[in-house]
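Down below is the structure, laid out as structure tokens.
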There are 2 protein chains.
Amino acid sequence: MRITNQREIILEELRRLRTHPTADELYEVVKRRLPRISIATVYRNLERMSEAGIIHKLENGGRQKRFDGDNRPHSHVFCIRCGRISDVRTVEGASARDLILDSKGFQIIEGGLQFEGVCPSCQDNEKLEAN
Amino acid sequence: MRITNQREIILEELRRLRTHPTADELYEVVKRRLPRISIATVYRNLERMSEAGIIHKLENGGRQKRFDGDNRPHSHVFCIRCGRISDVRTVEGASARDLILDSKGFQIIEGGLQFEGVCPSCQDNEKLEAN
DNA sequence: ATTGGTGCAAATGCTTTGCATAAAG
DNA sequence: CTTTATGCAAAGCATTTGCACCAAT
């Protein structure tokens, strides 16, 4: 994997953001430093780097993918309303890998806890909408 | 929610299949019984029923969504190569909801263990490709 | 010099939607 | 009868890809 300007800046900005941005959100930020960059380059690099384990790709209920520059193992909460993602703390030592009993022949590569809920700002919106 | 023929048969076939089918796989199966059904109807009903908690929508690394007619809480393994999904057994009592310590203000609706790995048939393919 | 990466625009593919018609309650 | 669901085709939208050009090693 060649070290290009684009790749470095994409990684740098993804690590700086703590918001688990979507590809196009990250593209907007990176564009400020590299005005001629293409969204395709952002997608290609996010894909390559997540395959390489440098970053993490997060799924969210069929919405746009989100990316996480923090590749230490940790759990997330997904807002089922707006798609926002937060990190969460869980009990130490309760790794999903240890909890699995029968993997149905699958070679387990990783496991994690995943939560779904409603984020604070969507809870506010729900209250407003109720009136 | 009105009880239509389409809705009943979609649910029936989804419950019968234990393969966590994609919308179009299910469409193919349902079409044998209802030749004039539209894929849009399948999508609409899967969406409605998963909102209502009758069935479950499963995400899989940015691939096509898969659906599960078994709505009892349980964990899945996702094949990172082909997208196949299997149910897995985990230790009793280790619910993700209990493990969470700080939910960052999110109102947790559900939590579960999620694994990624390589399914048996893709492991075979990997062996073949190595030669 | 050679390989791999980029930008652009077009294509892809899953999913959703508008609308006229049909079925359910 | 009134409302909700369906079928069809077209649109939407995030993501991927072909290709000619450029940059890194």
Side-chain angles (χ1 to χ4, degrees), chain A residues 1-14 19-52 54-68 78 80-85, chain B residues 1-14 19-52 54-68 78 80-85:
Chain A
M1 195 145 53
R2 224 167 245 186
I3 300 168
T4 64
N5 229 295
Q6 289 87 333
R7 192 160 287 163
E8 280 187 308
I9 291 180
I10 288 168
L11 182 56
E12 216 172 284
E13 293 299 326
L14 177 59
T19 53
H20 310 90
T22 58
D24 61 290
E25 284 167 358
L26 186 57
Y27 168 66
E28 289 305 324
V29 171
V30 168
K31 211 162 51 172
R32 291 188 210 131
R33 295 174 63 185
L34 296 171
R36 294 189 47 72
I37 198 172
S38 155
I39 184 99
T41 301
V42 175
Y43 273 108
R44 274 188 285 238
N45 279 302
L46 289 172
E47 190 57 36
R48 297 280 319 262
M49 294 192 292
S50 77
E51 272 172 20
I54 299 167
I55 64 169
H56 245 86
K57 193 173 15 169
L58 305 171
E59 293 312 312
N60 186 5
R63 296 175 208 250
Q64 265 178 291
K65 283 167 215 159
R66 292 180 170 269
F67 296 87
D68 190 348
F78 298 76
I80 59 171
R81 292 198 77 210
C82 71
R84 243 181 283 250
I85 294 183
Chain B
M1 193 144 55
R2 225 166 245 187
I3 299 169
T4 64
N5 230 295
Q6 289 87 331
R7 191 159 286 162
E8 280 187 308
I9 292 181
I10 288 168
L11 182 56
E12 215 173 286
E13 292 299 324
L14 178 59
T19 53
H20 309 89
T22 58
D24 60 293
E25 284 167 357
L26 186 56
Y27 168 65
E28 288 305 325
V29 171
V30 168
K31 211 162 49 171
R32 292 188 210 130
R33 295 175 62 186
L34 296 170
R36 295 189 48 73
I37 198 173
S38 155
I39 183 98
T41 302
V42 175
Y43 273 107
R44 274 188 286 236
N45 279 303
L46 289 172
E47 192 55 39
R48 297 279 321 263
M49 294 192 291
S50 77
E51 272 171 20
I54 300 167
I55 64 170
H56 244 87
K57 191 171 19 166
L58 305 171
E59 293 312 313
N60 185 6
R63 297 174 208 251
Q64 260 179 292
K65 283 168 216 158
R66 292 180 169 270
F67 296 86
D68 191 347
F78 298 76
I80 58 170
R81 291 199 78 210
C82 72
R84 243 180 286 251
I85 295 183

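Every chain is numbered from 1 and lettered A, B, ... according to where its sequence line falls, protein lines coming before strand lines.
Residue A/I3 is in sugar-phosphate contact alone, with no base atom involved, counting any heavy-atom pair closer than 4.0 Å across all strands shown. If you check every strand for non-hydrogen atoms under 4.0 Å, A/I37 touches sugar and phosphate atoms only. Within the nucleic acid shown, B/D24 has no heavy atom closer than 4.0 Å to any nucleic acid atom.
Regarding B/R7, its CZ atom lies at a distance of 16 Å from the P atom of C/dA23, rounded to whole Å. Here the C1' atom of nucleotide C/dT15 and the NZ atom of A/K65 are 14 Å apart, to the nearest Å. Residue A/R48 contributes atom CZ, which lies 14 Å from atom P of D/dT16 at whole-angstrom precision. The CG atom of A/N45 sits 14 Å away from the C1' atom of D/dA23 (whole-angstrom rounding). Going from atom CG of B/L34 over to atom P of D/dA5 covers 17 Å, rounded to whole Å. Distance CD (A/E47) to C1' (C/dG4): 17 Å, rounded to an integer number of Å. Across the protein-nucleic acid pair, A/L11 atom CG and C/dG5 atom P stand 15 Å apart, rounded to whole Å. Distance, A/Q64 CD to C/dT16 P: 14 Å, rounded to whole Å.
Counting only heavy atoms from C-beta outward, the side chains of B/T41 and B/T4 never approach each other to under 4.5 Å. Between B/I54 and B/M1 there is a side-chain heavy-atom pair separated by less than 4.5 Å.
Checking B/R2 against B/I39, the closest nucleotide of DNA chain D that is more toward the 5' end is the one next to B/R2. In this structure, B/R44 and A/T22 both approach DNA chain D, and ranking their closest nucleotides by distance from the 5' end singles out B/R44.
Distance from the side chain of A/R36 is smallest to C/dG7 among C/dG7, D/dT15, D/dT17. Side-chain proximity of A/T4 to C/dT16, D/dT15, D/dA24: nearest is D/dA24. Candidate nucleotides C/dT17, C/dC8, D/dT15 were compared by shortest atom distance to the side chain of A/A40, and C/dC8 ranks first. Which of D/dA14, C/dT16, C/dT6 sits closest to the side chain of A/Q6 comes down to C/dT6.
Residue B/Y43 has a polar side-chain atom (N or O) positioned under 4.0 Å from OP1 or OP2 of C/dT15. Contact annotation: B/N5 does not reach the phosphate of D/dT6 (side-chain N/O to OP1 or OP2, under 4.0 Å). For the pair B/S38 and D/dC8, the criterion of a side-chain N or O lying under 4.0 Å from OP1 or OP2 is not met.
By the 4.0 Å N-to-carboxylate-O rule, A/E28 lies close enough to A/K31 to be salt-bridged with it. Of the charged side-chain nitrogens involved, none lies within less than 4.0 Å of a carboxylate oxygen, so that B/R32 and B/E13 do not count as a salt-bridged pair.
Atoms CG and NZ, from A/L46 and A/K57 in turn, are 9.5 Å apart once rounded to the nearest 0.5 Å.
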